[in-house]
Amino acid sequence: QVQLVESGGGLVQAGGSLRLSCVASGRTFSNYAMGWFRQAPGREREFVAAISYSGRGTYYADSVKGRFTISRDNAKNTVYLQMNSLRPEDTAVYYCASAAKGFATAQDTEYAYWGQGTQVTVSS
């Protein structure tokens with residue numbers, strides 16, 4: 001059974017930073033791309049960032065490019081999302097997801113497993 005457990009969310013002031021973590025279990029972590037998505041109240045879920053199985057390929061939404069960094073540690077079965085220069089519009093529930101394949105993608109239909117999410121709230 002595949003499980004993804006996110007942590008690291010919280011309340012932060014605009015301009016601050018947070019680091020999200022997602023620990024995966026139940027499948028060979030290093031074989032699959034990982035992604036982060038978010039969903040704000042009243043809005044559809046949107047892509048944030050993705051990383052290939054090896055970590056050499058990364059892909060970001062334009063709205064977070066230059067502020068967020070996705071990384072992974074295959075020895076620890078963990079993917080991270082470092083979020084800097086946070087803005088109130090970054091407020092959302094953040095979900096990590098494990099892809100069905102090894103390449104990084106923004107398409108949510110390419111992800112086979114999802115975590116329960118962690119809340120990020122950025123105050124102005």
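Here, residue 1 is the first one in the sequence, and each next residue gets the next number.
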Practice task
Find out whether T69 and L81 are in side-chain contact, i.e. whether some heavy atom of one side chain is under 4.5 Å from a heavy atom of the other.
Solution key: no

Exercise for the section: Measure the shortest side-chain to side-chain distance between L86 and F68 over non-hydrogen atoms and say whether it is less than 4.5 angstrom. Expected result: yes

Problem - Donor-acceptor pair between D73 and T78 side chains, under 3.5 angstrom - result: no

Handout entry: Atom pair OG/CZ of S52 and R72 - distance to nearest 0.5 Å
Key = 7.0 Å

Exercise for the section: Indicate if V48 and I70 have the same hydrophobic cluster label, given that clusters are the connected sets of ILVMFWY residues with side-chain heavy-atom separations under 4.5 angstrom. Expected result: yes

Problem - Pairwise side-chain contact, I51 with V79, heavy-atom cut-off 4.5 Å (strictly under) - result: yes

Practice task
Give, for atom CZ of R27 and atom CD of Q1, the distance between the pair rounded to the nearest 0.5 Å.
Solution key: 13.0 Å

Problem - Listed once per pair and sorted, the side-chain hydrogen bond (donor to acceptor under 3.5 Å, both in side chains) pairs that draw on residues 110-124, sequence neighbours left out - result: Q119-T121

Problem - Sidechain-backbone polar pair: T28 side chain, S30 backbone, donor-acceptor under 3.5 Å - result: no

Handout entry: Validation row: D90, R38 side chains within 4.5 angstrom (heavy atoms)
Key = yes

Practice task
Apply the test side chain to side chain contact (heavy atoms under 4.5 Å, CB included) to residues V120 and L18: give CA-CA distance (whole Å), side-chain angles for both, the deciding distance (0.1 Å), then the verdict.
Solution key: CA-CA 9 Å; V120 171; L18 283 174; 3.9 Å; yes

Exercise for the section: Report yes if the side chains of E6 and S21 come closer than 4.5 Å at any heavy-atom pair, otherwise no. Expected result: no

Fill in the blank from the handout: Joining Ile, Leu, Val, Met, Phe, Trp and Tyr whenever any side-chain heavy atoms lie under 4.5 Å apart, the cluster holding V23 also takes in none

Handout entry: Neighbour count above 12 (heavy atom, 6.0 Å) for Y80 OH
Key = yes

Problem - is_close_aromatic(F37, F47), centroid dist under 6.0 Å - result: yes

Exercise for the section: Give the cluster check for W36 versus F103: same hydrophobic cluster or not, with ILVMFWY residues linked at side-chain heavy-atom distances below 4.5 Å. Expected result: no

Problem - Nearest heavy atoms of A33 and G102, plus distance in Å - result: CB-O, 3.5 Å

Handout entry: Heavy-atom pair with the smallest gap, counting every atom of Y59 and A104
Key = CB-CB, 4.4 Å

Practice task
Side-chain contact test, heavy atoms from C-beta onward, threshold under 4.5 Å: evaluate it for Y53 versus K101 and give yes or no.
Solution key: no

Practice task
Indicate if V64 and M34 have the same hydrophobic cluster label, given that clusters are the connected sets of ILVMFWY residues with side-chain heavy-atom separations under 4.5 angstrom.
Solution key: yes

Handout entry: Contact list for residues 37-108, test disulfide (SG to SG under 2.5 Å), sequence neighbours left out
Key = C22-C96

Handout entry: From CD (Q82) to CG (L20), nearest 0.5 Å
Key = 9.0 Å

Handout entry: Residues K65, D62: salt bridge by 4.0 Å N-O rule
Key = yes

Exercise for the section: Answer with yes or no whether the hydrophobic clustering places L4 together with Y94; edges join I, L, V, M, F, W, Y residues whose side-chain heavy atoms lie under 4.5 Å apart. Expected result: yes

Handout entry: N/O donor-acceptor pair under 3.5 Å between R67 side chain and S85 backbone
Key = yes

